Visitor: 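Starting off with a structure, shown below.
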Amino acid sequence: MPELPEVETIMQGLIPHLENNLIMDVIVRQDKLRWPVSPMLKQHLVQQKIMQLSRRGKYLLLQMTNGTLIMHLGMSGRLQIQNKATPPARHDHVDIFFGDVCLLRYNDPRRFGAIIWTANDPLQHHLLCSLGIEPLSDDFTGEYLKNQAQNRRVAIKSFIMNSHVVTGIGNIYAAEALFLAKIHPMTPAGVLTEVQCVQLVHAIKDILKAAIHQGGTTIKDFINSDGAPGYFTQQLCVYGRSGKPCLVCQAPLITMQLGQRSTVFCEFCQRVKVGLIG
DNA sequence: CAGAATACCTGCGGGC
DNA sequence: TGCCCGCAGGTATTCT
């Protein structure tokens with residue numbers, strides 16, 4: 001469900017509810033997420049104050065007085081603020097209660113998400129320490145992308161979705177950014193020109209910022225922490241528009257499989273400028 | 001080492 | 001109506 005803009009939207013919505021709030025109770029109904037939820041989670045969290053929320057890629061960090069809760073929403077995860085009186089629904093796996101009428105509820109049908117406690121620096125956690133740079137940071141430049149892509153033959157779409165290169169870009173925004181930058185998704189990363197790298201980086205930043213501004217993208221069922229959908233959906237140019245006319249040249253958009261992910265693009269606007277893979 | 005395949009899950013829509 | 005198939009916003013791990 002969530003890529004970087006959706007996680008950012010969720011985090012911004014949670015901040016006023018969670019920061020400086022004391023955790024009073026924790027209920028774990030299902031501990032089989034991507035990794036088992038620690039049986040000690042409640043002991044770690046109860047009577048802890050949430051000091052600060054932050055985000056690294058698609059990971060959400062809740063910094064407590066004595067450690068950090070690392071959360072990931074996987075493909076189908078949701079985090080919502082609800083009233084304590086709301087009965088748990090199917091796939092409501094974890095509840096975190098506060099002193100007021102609110103609780104933080106984690107729901108995840110596919111259970112690809114994760115809830116991990118660490119008492120140490122979360123950025124040194126093995127899941128976070130090897131992540132690539134943040135796409136919205138000033139360090140993410142065309143020059144960085146060009147250097148990273150040196151001698152890499154993977155398709156550029158797979159490359160920008162590689163969280164160890166740049167983190168937070170998923171299937172939706174990768175497709176959209178490549179369309180904006182007019183780059184064919186299968187172009188081998190290493191053969192992009194410097195100009196193309198600069199254009200792609202600008203496209204990625206633009207699309208992520210616009211999506212955050214719109215509260216994220218709702219394809220099927222994304223909702224933010226207050227239960228509202230994202231409004232960037234109506235601005236998608238290629239994702240979910242297979243067979244429909246290209247918004248620039250009117251040609252029908254093409255779908256292809258790339259790295260096990262479906263990819264939509266315009267074969268005319270996203271021209272092959274160099275040799276493709278296979 | 002890079003790149004590709006696999007694994008983890010449930011839900012939904014389409015075709016028959 | 002019901003069953004089977006393929007697909008879905010992610011990514012660590014295993015393989016070649």
Side-chain angles (χ1 to χ4, degrees), chain A residues 1-10 29-37 55-60 70-79 89-93 106-116 125-132 135 148-177 185-191 204 207-208 211-212 214-224 229-236 238-243 255-264 276-278:
Chain A
M1 176 202 306
E3 299 186 29
L4 185 151
E6 289 72 43
V7 178
E8 178 70 23
T9 297
I10 288 168
R29 298 186 193 82
Q30 167 65 273
D31 63 3
K32 292 179 181 59
L33 302 186
R34 170 139 202 182
W35 293 282
V37 176
R55 178 186 60 71
R56 177 76 174 96
K58 298 172 190 168
Y59 289 91
L60 195 60
I70 302 172
M71 310 183 90
H72 195 291
L73 300 176
M75 204 87 116
S76 57
R78 284 179 177 181
L79 275 173
R90 189 160 162 73
H91 306 305
D92 279 346
H93 303 317
Y106 176 82
N107 177 290
D108 186 2
R110 293 176 72 176
R111 289 190 267 128
F112 285 178
I115 297 181
I116 297 162
H125 190 277
H126 75 277
L127 290 173
L128 303 191
C129 68
S130 62
L131 288 179
Q148 290 289 306
Q150 201 78 15
N151 298 322
R152 300 292 295 272
R153 301 183 53 120
V154 280
I156 185 60
K157 173 158 178 281
S158 304
F159 189 69
I160 59 175
M161 289 176 68
N162 181 346
S163 65
H164 298 283
V165 175
V166 52
T167 181
I169 303 167
N171 205 30
I172 297 177
Y173 300 112
E176 294 298 314
M186 281 195 84
T187 311
V191 304
I204 289 170
I207 204 88
L208 294 180
I212 290 170
Q214 295 285 306
T217 295
T218 296
I219 296 300
K220 184 173 167 291
D221 58 4
F222 168 74
I223 52 172
N224 67 21
Y231 295 99
F232 191 69
T233 316
Q234 51 215 56
Q235 295 178 37
L236 296 177
V238 286
Y239 185 91
R241 297 194 64 246
S242 181
T255 300
M256 75 186 313
Q257 288 297 120
L258 210 168
Q260 329 294 104
R261 309 299 294 268
S262 75
T263 300
V264 184
L276 297 183
I277 300 171

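Source: prediction; values computed, not measured. Residue numbering restarts at 1 for every chain, and letters A, B, ... go by the order of the sequence lines.
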Visitor: Which heavy-atom pair separates A:Ile204 from A:Pro135 by the least distance, and what is that distance?
Guide: CG2-CB, 4.1 Å

Visitor: Using a cut-off of 4.0 Å on non-hydrogen atoms, how would the nucleic acid contact of A:Arg34 be classed: base, sugar-phosphate, or nothing?
Guide: base

Visitor: Just to be sure I understand the rule, does A:Tyr173 reach a base, reach only the sugar-phosphate, or reach nothing, if contact means heavy atoms closer than 4.0 Å?
Guide: nothing

Visitor: Does any non-hydrogen side-chain atom of A:Asn171 lie less than 4.5 Å from one of A:Met161?
Guide: yes

Visitor: Would you measure the distance from the P atom in B:dC9 across to the matching atom in C:dT14 and give it in whole Å?
Guide: 15 Å

Visitor: Report the relative orientation of the aromatic rings in A:Tyr173 and A:Phe232; use parallel for angles under 30°, tilted for 30 to 60°, perpendicular for over 60°.
Guide: tilted

Visitor: What's the CD1-P distance between A:Ile10 and C:dG9, to the nearest Å?
Guide: 16 Å

Visitor: For the side chain of A:Ile219, counting heavy atoms from C-beta on, which of B:dG3, B:dT10, C:dG9 is nearest?
Guide: C:dG9

Visitor: Is there a side-chain contact between A:Leu4 and A:Ile212 (heavy atoms, below 4.5 Å)?
Guide: yes

Visitor: What's the CG-P distance between A:Asp108 and B:dT10, to the nearest Å?
Guide: 11 Å

Visitor: Atom NE2 of A:His164 to atom P of B:dA4: distance rounded to whole Å?
Guide: 16 Å

Visitor: For A:His126, which contact category applies under a 4.0 Å heavy-atom criterion: base, sugar-phosphate, or nothing?
Guide: nothing

Visitor: State whether A:His91 places a side-chain N or O below 4.0 Å from either non-bridging phosphate oxygen (OP1 or OP2) of B:dT10.
Guide: no

Visitor: Is A:Ser158 touching bases, backbone alone, or none of the nucleic acid, heavy atoms closer than 4.0 Å?
Guide: nothing

Visitor: It should be established whether A:Ser76 places a side-chain nitrogen or oxygen under 4.0 Å from OP1 or OP2 of nucleotide C:dG9.
Guide: no

Visitor: Take A:Leu127 and A:Arg110, find for each the nucleotide of DNA chain C with the closest heavy atom, and name the residue whose nucleotide sits nearer the 5' end.
Guide: A:Arg110

Visitor: To the nearest Å, give me how far apart CD (A:Glu8) and P (C:dG9) are.
Guide: 22 Å

Visitor: Which heavy atom of A:Ile172 sits nearest a heavy atom of A:Glu3, and at what distance?
Guide: N-OE2, 2.8 Å

Visitor: Does a side-chain N or O from A:Arg261 land closer than 4.0 Å to OP1 or OP2 of C:dG9, or not?
Guide: yes

Visitor: Any chance you could encode DNA chain B as dot-bracket? Rule is Watson-Crick or G-U wobble with both distances under 3.5 Å; [ ] for pairs crossing earlier ones, | for another strand.
Guide: .|||||||.|||||||

Visitor: For a side-chain contact (heavy atoms from CB on, under 4.5 Å) check, start with the C-alpha distance between A:Phe222 and A:Ile10, then their side-chain angles and the critical distance, and finish with the verdict.
Guide: CA-CA 10 Å; A:Phe222 168 74; A:Ile10 288 168; 3.8 Å; yes

Visitor: Taking OP1 and OP2 of B:dG3, is either one under 4.0 Å from a side-chain nitrogen or oxygen of A:Arg152?
Guide: yes

Visitor: Whole-Å distance between B:dC9 P and A:Phe112 CZ?
Guide: 8 Å

Visitor: Using atom NE2 of A:His72 as one end and atom C1' of B:dC8 as the other, report the distance to the nearest whole Å.
Guide: 14 Å

Visitor: Give a yes/no answer on whether the side chain of A:Gln260 brings an N or O atom under 4.0 Å of OP1 or OP2 in B:dA5.
Guide: yes

Visitor: Given side chains that start at C-beta, do those of A:Thr217 and A:Leu236 come closer than 4.5 Å, heavy atoms only?
Guide: yes

Visitor: For A:Phe159, answer base if it contacts any base atom (sugar-phosphate contacts may also be present), sugar-phosphate if it contacts only those atoms, and nothing otherwise; contact means non-hydrogen atoms under 4.0 Å.
Guide: nothing

Visitor: Just the rounded figure in Å: distance from P of B:dT10 to NZ of A:Lys32.
Guide: 11 Å

Visitor: Under 3.5 Å, side-chain donor or acceptor atoms of residues 162-169 of chain A against the rest of the protein: list the pairs with distances, not counting sequence neighbours.
Guide:
unit_1   : atom_1 : unit_2   : atom_2 : d
A:Asn162 : OD1    : A:His164 : N      : 2.9
A:His164 : ND1    : A:Ser130 : O      : 2.9
A:His164 : ND1    : A:Ser130 : OG     : 3.4

Visitor: Classify the nucleic acid contact of A:Lys58 as base, sugar-phosphate or nothing, counting any heavy atom under 4.0 Å across all strands shown.
Guide: sugar-phosphate

Visitor: When the distance from CG of A:Asn107 to C1' of B:dC9 is rounded to whole Å, what number comes out?
Guide: 13 Å

